[in-house]
Asks: 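Quick one: structure below, then a few questions.
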Amino acid sequence: VYEVHEIVVQKIGHVPVAKGDFNHLPRKVKTFVAHCVQLCKPRGIYICDGDQAEADEIIHKLLERGTLTRLTKYQNNYLCRTDPADVARVESKTFIVTENKYDSVPHVREGVSGTLGAWLSPEDTKEELDQRFPGCMAGRMMYIIPFSMGPVGSPLSKIGVQVTDSNYVLLCMRTMTRVTPRVWEVLGDSDFVKCIHSLGCPRPVQRRVKNHWPCNPEKVMIVHFPEQRKIKSFGSGYGGNSLLGKKCFALRIASVIARDEGWMAEHMLIMSITTPKNKEFFVAAAFPSACGKTNLAMLNPSLPGFRIQCVGDDIAWMKFDDSGVLHGINPEAGFFGVAPGTNMKTNPNAMLSFQANSIFTNVAETADGGYFWEGLEDETPKGIGIIDWLGNPWHPGCVGKAAHPNSRFTAPASQCPIIHPKWEDPKGVPISALIFGGRRPVGVPLVFESKSWAHGVLIGACVKSEATAAAEHQGKNIMHDPMAMRPFMGYNFGHYLQHWLDLEKPDRQMPKIFHVNWFRVDSKGQFLWPGFGDNIRVLDWILRRCEGDNSIAEETPIGYVPKKGTIDLSGLEGINEDELFSLPKHYWLDDTRESKRFLEDQVGIDTPSIIFKLLDEQEEAFNKC
Ligand code: GTP
Ligand code: SPV
Ligand code: MN
């Protein structure tokens with residue numbers, strides 16, 4: 001025990017400890033930090049405690065430097081404009097490193113380039129990292145961040161330690177994870193996930209820093225060592241590249257831990273729906289990046305009598321308990337949500353979550369100290385001056401967008417008006433249904449249900465979506481994004497499908513599996529479904545199926561679809577049910593064959609045979625139609 005006010009003068013080698021007590025860190029953490037210091041050569045180390053004074057100090061520094069601007073319209077809200085070259089995840093520079101290649105990625109067909117994760121050999125990785133990390137923090141502070149994914153001390157939670165030379169990253173990690181010295185106590189002598197992040201801009205800087213946002217886009221590299229439970233990220237300060245608790249740990253590393261320990265780490269929201277009969281259900285849903293998870297998780301229902309509460313909006317860790325019920329937690333503590341499109345009509349609960357203590361990255365700014373992005377036109381004073389995400393004057397009708405399409409808000413989940421009282425329950429919440437979805441402009445009905453657990457795994461494996469701005473992909477092409485996990489797989493996707501299949505056991509209550517599509521369009525390109533709050537109508541049908549109502553569904557080759565008139569459309573006008581639910585035979589024959597080709601090409605011999613069998617059955621059934 002040491003006095004809070006005692007000045008601890010410590011050094012690791014020649015590097016001074018600017019804050020915290022190195023000697024009181026758990027032994028394995030000391031070894032890890034000493035290794036990072038030796039490698040990265042920072043000017044000092046700063047052991048974070050997660051308290052408010054720390055946040056105030058960091059914010060003050062970032063304001064002074066110009067990385068953050070205060071948004072004076074709200075309480076403790078800030079705008080950050082990044083280097084325009086550092087705005088999204090960089091999938092092409094993200095790798096999994098294992099001794100055996102096929103532990104990381106499937107056997108891809110010869111001549112085809114793999115899309116389900118990228119493997120790098122330990123030798124090549126070492127060569128690449130040796131060109132980046134030595135001395136990479138020269139002249140910068142190294143922050144040591146203790147964090148818990150999931151409630152501190154919950155049996156479902158996991159601990160990580162991130163070192164970073166970015167205080168913006170520290171600020172966001174404080175919101176997105178639980179940063180507290182209690183983590184050191186819970187950790188003791190156990191192992192933790194080692195996270196090393198650097199902006200890749202040692203001082204004196206070699207490249208011109210834009211927007212007070214040091215980064216190194218030419219040398220970005222994000223590597224995962226699942227066997228060593230270690231992550232190294234270089235060159236980017238942006239979200240999924242730098243907040244290592246999120247996609248790197250909670251999905252890529254955790255999916256491997258989950259396979260080893262018999263649970264699931266998924267790119268899923270978790271929400272609760274209470275029906276007018278006062279019955280509560282929890283569901284988890286997986287949509288690819290920027291396809292509607294945050295919006296669904298906080299939905300404002302348009303049908304009377306329903307109540308929605310949010311548990312999480314991006315990642316779910318789920319495990320079957322002793323009585324065979326799947327329980328899920330949200331391992332995160334905040335929302336890192338897509339800003340454009342968010343407004344009081346589409347997602348009032350998100351809007352209310354970020355009125356204070358939030359950070360806005362790459363949005364536009366109004367002259368009265370507010371945020372602005374596409375979708376806020378009706379909620380922004382007319383004619384007010386606007387500065388776009390690049391720092392230039394902007395007005396409606398300008399060529400470019402005001403906010404970057406992947407601009408984001410970072411807000412504490414505790415501020416969400418509909419956060420579930422059990423969102424931090426260490427046991428998690430019981431999951432009744434799993435829902436997949438994506439942006440599918442043609443062919444795919446509003447909702448359908450799998451015929452079995454295995455068939456649901458097939459539906460997940462066939463998830464496709466129009467590309468979005470969350471990563472570096474361009475254009476409107478439809479990409480496969482199986483289980484909404486394509487960019488987040490930590491191991492061989494074929495083995496992952498087998499893991500899902502193996503989860504089914506006779507003594508378990510397997511959740512029902514569904515697929516939804518809010519994005520089908522008519523011949524003029526207009527959405528056929530209003531979406532957002534009206535998605536409650538689809539959830540209502542899903543829950544009636546979970547309760548065993550067999551009168552509302554009919555079997556088709558792709559699974560069960562709603563019988564006509566069984567989705568509550570009361571109060572909605574002009575819904576073209578026939579078009580919304582049609583299953584064009586030729587579209588689906590092509591789609592089934594294309595999915596089969598995709599799995600043959602991308603997953604090859606690693607594909608569980610039942611998956612091909614079910615696809616063949618689907619093709620045969622359509623041929624008979
Ligand atoms: P990540 O944070 O990248 O994982 O994204 P997400 O899956 O949480 O997506 P989010 O809810 O942020 O939505 C992304 C975009 O889709 C936003 O621009 C939304 O306005 C839009 N969107 C969400 N739900 C709907 C819907 O039901 N209908 C339509 N048309 N658009 C939607
Ligand atoms: C996603 O792309 O799915 C996100 C944003 O949630 S990021 O954290 O950058 O991955
Ligand atoms: Mn996401």
Side-chain angles (χ1 to χ4, degrees), residues 82 86-91 94 169 172-173 175-177 222 233 236-252 266-269 271 285-300 302 310 312-316 332 334-343 345-347 349-351 361-362 373-376 401 403-411 435-441 446-447 463 465-473 481 484-488 516-521 525-539:
T82 70
D86 192 18
V87 295
R89 280 183 292 101
V90 187
E91 292 177 4
T94 301
V169 166
C172 294
M173 282 291 286
T175 301
M176 296 308 298
T177 74
I222 301 126
S233 168
S236 166
Y238 197 83
N241 302 325
S242 68
L243 311 177
L244 301 188
K246 199 170 175 55
K247 298 302 165 58
C248 300
F249 176 171
L251 289 178
R252 297 193 193 97
E266 303 298 334
H267 191 203
M268 291 183 177
L269 66 91
M271 67 192 294
F287 311 153
S289 299
C291 289
K293 288 183 298 303
T294 301
N295 278 273
L296 188 64
M298 298 180 197
L299 166 148
N300 193 25
S302 67
C310 172
D313 80 324
D314 199 50
I315 299 177
E332 303 192 277
F335 306 126
F336 184 63
V338 178
T342 310
N343 61 45
K345 281 211 187 86
T346 56
N347 195 346
N349 292 310
M351 296 290 287
T361 305
N362 291 332
W373 48 75
E374 280 61 28
L376 281 179
K401 299 221 186 270
H404 187 276
N406 191 38
S407 55
R408 301 253 168 185
F409 55 81
T410 309
I435 306 171
F436 292 106
R439 290 176 185 261
R440 300 292 292 271
L446 182 62
V447 56
V463 166
S465 193
E466 228 166 38
T468 67
E472 73 268 43
H473 309 288
D481 193 341
M485 283 287 279
R486 178 189 51 77
F488 310 120
V516 298
N517 177 28
W518 318 140
F519 300 95
R520 195 167 186 173
V521 297
Q526 299 293 312
F527 288 125
L528 285 162
W529 180 246
F532 301 103
D534 286 312
N535 293 334
I536 188 65
R537 301 167 191 274
V538 175
L539 292 172

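Indexing begins at 1, ligand by ligand and atom by atom, following the structure's order.
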Asks: Quick one, W518 and N535 - any side-chain contact, counting heavy atoms below 4.5 Å?
Replies: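 With C-beta onward as the side chain, the pair touches.
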
Asks: If the condition is salt bridge (charged side-chain N to carboxylate O under 4.0 Å, His left out), which residues does R439 pass it with, not counting sequence neighbours?
Replies: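 For R439, no residue satisfies salt bridge (charged side-chain N to carboxylate O under 4.0 Å, His left out) once neighbours in sequence are set aside.
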
Asks: With backbone taken as N, CA, C and O and side chain as the heavy atoms from C-beta onward, which portion of N535 lies under 4.0 Å from ligand 1: side chain, backbone, both, or neither?
Replies: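 Only the side chain of N535 comes within reach of ligand 1.
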
Asks: Side chains of E466 and F519: does their closest heavy-atom pair fall under 4.5 Å?
Replies: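 Not in contact.
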
Asks: With a cut-off of 4.0 Å, which atoms of ligand 1 are near a heavy atom of R408?
Replies: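 Near R408, the atoms of ligand 1 are 1 (P), 2 (O), 3 (O).
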
Asks: Do side-chain atoms of D313 reach the backbone of F335 as a donor and acceptor pair under 3.5 angstrom?
Replies: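 Looks like no, no N/O pair under 3.5 Å.
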
Asks: Using a heavy-atom cut-off of under 4.0 Å, does the side chain or the backbone of L243 touch ligand 2, or both, or neither?
Replies: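 No part of L243 is near ligand 2 at this cut-off.
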
Asks: Does the D481 side chain pair with the main chain of R486, one donor and one acceptor, at a distance under 3.5 Å?
Replies: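 Yes.
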
Asks: In ligand 1, which numbered atoms sit nearer than 4.0 Å to a non-hydrogen atom of P288?
Replies: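 In order of number, 7 (O).
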
Asks: So, at under 2.8 Å, which protein N, O or S atoms would a careful student list around the Mn ion (ligand 3)?
Replies: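 Correct list: K247 NZ, H267 NE2, D314 OD1.
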
Asks: Does ligand 2 have an atom that lies less than 4.0 angstrom from a heavy atom of K293?
Replies: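 The answer is no: ligand 2 sits nowhere under 4.0 Å from a heavy atom of K293.
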
Asks: Do any N/O atoms on F532 end up under 3.5 angstrom from N/O atoms on ligand 1?
Replies: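 In this structure, F532 places an N or O atom under 3.5 Å from an N or O of ligand 1.
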
Asks: Could you list the atoms of ligand 1 found under 4.0 angstrom from a heavy atom of R439?
Replies: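 Under 4.0 Å from R439, ligand 1 has these atoms: 15 (C), 16 (O), 21 (C).
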
Asks: Between L528 and V521, what is the shortest heavy-atom contact and its length?
Replies: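 Smallest interatomic distance, heavy atoms only, reads CD1-O, 3.7 Å.
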
Asks: Quick one: does K247 get an N or O within less than 3.5 Å of an N or O on ligand 1?
Replies: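 Among all N and O atoms of K247, none is under 3.5 Å from an N or O of ligand 1.
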
Asks: Can you confirm whether W373 sits close enough to T342 that some side-chain heavy atom of one is under 4.5 Å from a side-chain heavy atom of the other?
Replies: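 Sidechains of T342 and W373: in contact.
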
Asks: Counting only heavy atoms, which portion of S289 has something under 4.0 Å from ligand 1: side chain, backbone, both, or neither?
Replies: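 Both backbone and side chain of S289 come within 4.0 Å of ligand 1.
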
Asks: Applying a 4.0 Å heavy-atom criterion (strictly less than), which segment of F287 is in contact with ligand 2: side chain, backbone, both, or neither?
Replies: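 The answer is neither; F287 stays 4.0 Å or more away.
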
Asks: Considering distance alone, does some N or O of G240 sit under 3.5 Å from an N or O of ligand 2?
Replies: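 For ligand 2, there is an N or O atom that lies under 3.5 Å from one belonging to G240.
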
Asks: To the nearest 0.5 Å, tell me how far R89 CZ sits from I222 CD1.
Replies: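 Between R89 CZ and I222 CD1, I get 9.5 Å after rounding to 0.5 Å.
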
Asks: Is there a nitrogen or oxygen of K246 sitting under 3.5 Å from a nitrogen or oxygen of ligand 2?
Replies: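 Checking ligand 2 against K246, no N or O pair falls under 3.5 Å apart.
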
Asks: Looking only at heavy atoms, is any part of N347 under 4.0 Å from ligand 1, and if so is it the side chain, the backbone, or both, or is it neither?
Replies: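 Within the 4.0 Å criterion, N347 makes no contact with ligand 1.
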
Asks: Under 3.5 Å, N or O to N or O, is F527 touching ligand 1 that way?
Replies: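 No - when backbone and side-chain N and O of F527 are compared with those of ligand 1, no distance drops under 3.5 Å.
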
Asks: Is the shortest N/O to N/O distance between S289 and ligand 2 below 3.5 Å?
Replies: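 For ligand 2, there is an N or O atom that lies under 3.5 Å from one belonging to S289.
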
Asks: Any side-chain heavy atom of K246 within less than 4.5 Å of one from D314?
Replies: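 K246 reaches D314 side chain to side chain.
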
Asks: Does NZ or CZ of K247 fall inside the cone over F488's six-membered ring, less than 6.0 Å from its centre and within 45° of the axis?
Replies: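 Judged by the rule, K247 and F488 form a cation-pi pair.
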
Asks: Output yes when the distance from some N or O of ligand 1 to some N or O of A290 is under 3.5 Å, and no in every other case.
Replies: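 Between A290 and ligand 1, an N or O pair is found under 3.5 Å apart.
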
Asks: With a cut-off of 4.0 Å, which atoms of ligand 1 are near a heavy atom of K293?
Replies: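 Taking each heavy atom of K293 in turn, ligand 1 has 1 (P), 4 (O), 5 (O), 6 (P), 7 (O), 8 (O), 9 (O), 11 (O) under 4.0 Å.
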
Asks: For ligand 1, is there an N or O atom under 3.5 Å from any N or O atom of P530?
Replies: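 No, there is no polar N/O contact under 3.5 Å.
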
